[in-house]
Visitor: 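Submitted below is the structure of interest, expressed as structure tokens.
Naming convention: chains lettered A, B, ... in sequence-line order (proteins, then strands); numbering from 1 in each chain. Note: hydrogens, waters and symmetry copies are ignored here, and every other heavy atom, side chains too, is used.
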Number of protein chains: 2
Amino acid sequence: MTVIQVTTATKAYQVQLSDHGLTKIGQAVSAVWTPRQVALITDTNVGPHYAPAVTANLQAAGYRVTVLTIPAGEASKSWAQVERLTAMLSAAQFTRSDGILALGGGVVGDLAGFVAAIYLRGISLIQVPTSLLAQVDSSVGGKTAIDLPTGKNLIGSFYQPDLVLIDPATLTTLPARSLAEGYGEILKCAAIVGGDFWQLAGQITDLSALLAHAAALITASVQFKTQVVMADEKESDQRQLLNLGHTIGHAVELLGQGQWMHGEAVAIGLVQVCRLFEAHQLTAKGTAAQLAMRLHAVGLPTELPAALSPAKLIAAMQHDKKVHGDQLTWVYLQQIGTATFHQVPVANLMTWVAPILTK
Amino acid sequence: MTVIQVTTATKAYQVQLSDHGLTKIGQAVSAVWTPRQVALITDTNVGPHYAPAVTANLQAAGYRVTVLTIPAGEASKSWAQVERLTAMLSAAQFTRSDGILALGGGVVGDLAGFVAAIYLRGISLIQVPTSLLAQVDSSVGGKTAIDLPTGKNLIGSFYQPDLVLIDPATLTTLPARSLAEGYGEILKCAAIVGGDFWQLAGQITDLSALLAHAAALITASVQFKTQVVMADEKESDQRQLLNLGHTIGHAVELLGQGQWMHGEAVAIGLVQVCRLFEAHQLTAKGTAAQLAMRLHAVGLPTELPAALSPAKLIAAMQHDKKVHGDQLTWVYLQQIGTATFHQVPVANLMTWVAPILTK
């Protein structure tokens, strides 16, 4: 088992990476939680694979488990699901001594984490991410969220779990497309960190290589992410580095209306932001091409959809959380291993983004 | 101007008490906020009195102001209003550099505070409480909340404002019943603190005495509350003292379905918890009578409604946030000036509460 210690201003907890860790989940939970009611929040994809065994394992460890299942998919990050889940917790008389265990991908983790953050002003939370994307990204760092019609993750809070339990064995039941999407976020981390991590990414020539190296890639990504989060829990500066590729990525994802998965949109965003900053001579020539080659290896997209209207893309970017006042803060790579910030006035965005829209 | 400094683990800010302070609000806000978009959230009662002047004053200080008005009344502490307000903020392109100013009573403060806590995972907040209840209670301490059908304040978060601005002059436009209700929370503080504060309460023989001593009573209440909040921001122990009278009070308020205002329900809860603990010989004889006399002086109720079903009262208490596992934690007075805790198993509640239900 690999243990990564996370210490923030408000909390200390562990990210545990353990192959087949789900088969001993009761034991892991017992180390941080006294006996209590547990709401196991999962979705219609993940629940059938793992919820019965996880429930039995938790019950054997002395927990009273209620399984709450949400429809799989981004549409569940909604006010309607928050309202439904909190009503169910209240009906089952969950108190501040009880807890929520999120078993699933990023949608489950974001939604269940937000519910844990606001129910009775906060009850305890354990994250058990089962998708590669959630394992390397959304389960670490304490961000919780739901979406608004105007944009993704516009509602949420910072809320740290008591434990993050990552079982790479869950990746074997993941559809190929979901596996690949997780690699979008991994490659983002590798590009920011550079060095050995970037070299390791060079060995991922197809999906089976990705599965074979999953534990090492997840560990490297989580170590990088926790390091950034520890330095800056509330996203005022360093943490924004993690938004590399996300300004264009979020806009593509929003406008695609479900056509692109998050990691796919980030893959597009990563290559496009490098191409854009290469055009502005702020990123080393050839960086976009190197990223594109590694992303293509697992089948990820890297090109802006031809049908995408520039005006809509710009409008979608303006709802981005990275807009402060009248400035949009971009994260970009000077070169592999060196990420930093660049501000562009919102009023100039159309002109500034033109190099990737008009080629 | 009286300034009370609040320093919590996450933030330092001031509670400023200033007679006619609303007429210089732009100046006060400028001391903590750079120029930005401000959502002035108010309600249909308070807005007509103060929103136009406050807006003009803020505009003169360089702020772009959008007034968002909610229907007055507890029913606005709802998912529907949270959804509506966040959608409006997003439509007006509010960013993390913008802010929310809550102008109104407890409903406005609780709701607007919750919206500030979760919109973009938190934007800046200033509380301008205009009711006596909000001035002494809900605006101080960083609690934000909305209600569920199963109980009040079951959803929310801890979120500290950048400034709390209290203008006692706003009390002159408050209906008599609302003024009296605020005194319920003030007397709760006075009973816990004892000494000079309790003596001062002895001088409040009617509503005009309450108005005449409002600044001193608010200051004493806020000083006590901030002291408790600073010692214990997250309500794990000391802060629960503030729940004196609230276990019965919340249940009465919930079951009354709008018949009782919060401070009225607390007044009932204060006297009833003393009577209950006197019966169990844990509170000094005569304490309930002393509280009742002071509450009656401003016209507050102190008796449980005759129609209240004991079974419903017990059931409502079990949804209380003060239930931990299978124990309900009561706050009670050993005597005026000495408050502490007593746990009762939820299973025994009916028998335990019988002395006030069967007399």
Visitor: Let's test your reading of the structure: which of V115(A), T144(A), D98(A) forms the most heavy-atom pairs below 4.5 Å with chain B?
Guide: T144(A)
Visitor: To the nearest 0.5 Å, how far apart are CD in Q93(A) and OG1 in T150(B)?
Guide: 9.5 Å
Visitor: Output the residues of residues 80-91 of chain A for which the shortest heavy-atom distance to chain B is under 4.5 Å, in residue-number order; output 'none' if no such residue exists.
Guide: V82(A), E83(A), T86(A), S90(A)
Visitor: Report the distance from atom OG1 of T95(B) to atom CG of L328(A), rounding to the nearest 0.5 Å.
Guide: 11.0 Å
Visitor: Hey, what do you get for CD1 (I155(A)) to CG (L120(B)), rounding to the nearest 0.5 Å?
Guide: 7.0 Å
Visitor: Let me confirm one number: the CZ-OG distance from F158(A) to S157(B), rounded to the nearest 0.5 Å.
Guide: 13.0 Å
Visitor: Nearest 0.5 Å, please: how far is CZ in R121(A) from OH in Y159(B)?
Guide: 15.5 Å
Visitor: Tell me, side chain or backbone of F114(A) under 4.5 Å from chain B's heavy atoms, or both, or neither?
Guide: side chain
Visitor: For T34(A), is it the side chain, the backbone, both or neither that has a heavy atom under 4.5 Å from a heavy atom of chain B?
Guide: neither
Visitor: Counting heavy atoms not belonging to Q257(B), are there more than 12 under 6.0 Å from its CD?
Guide: no
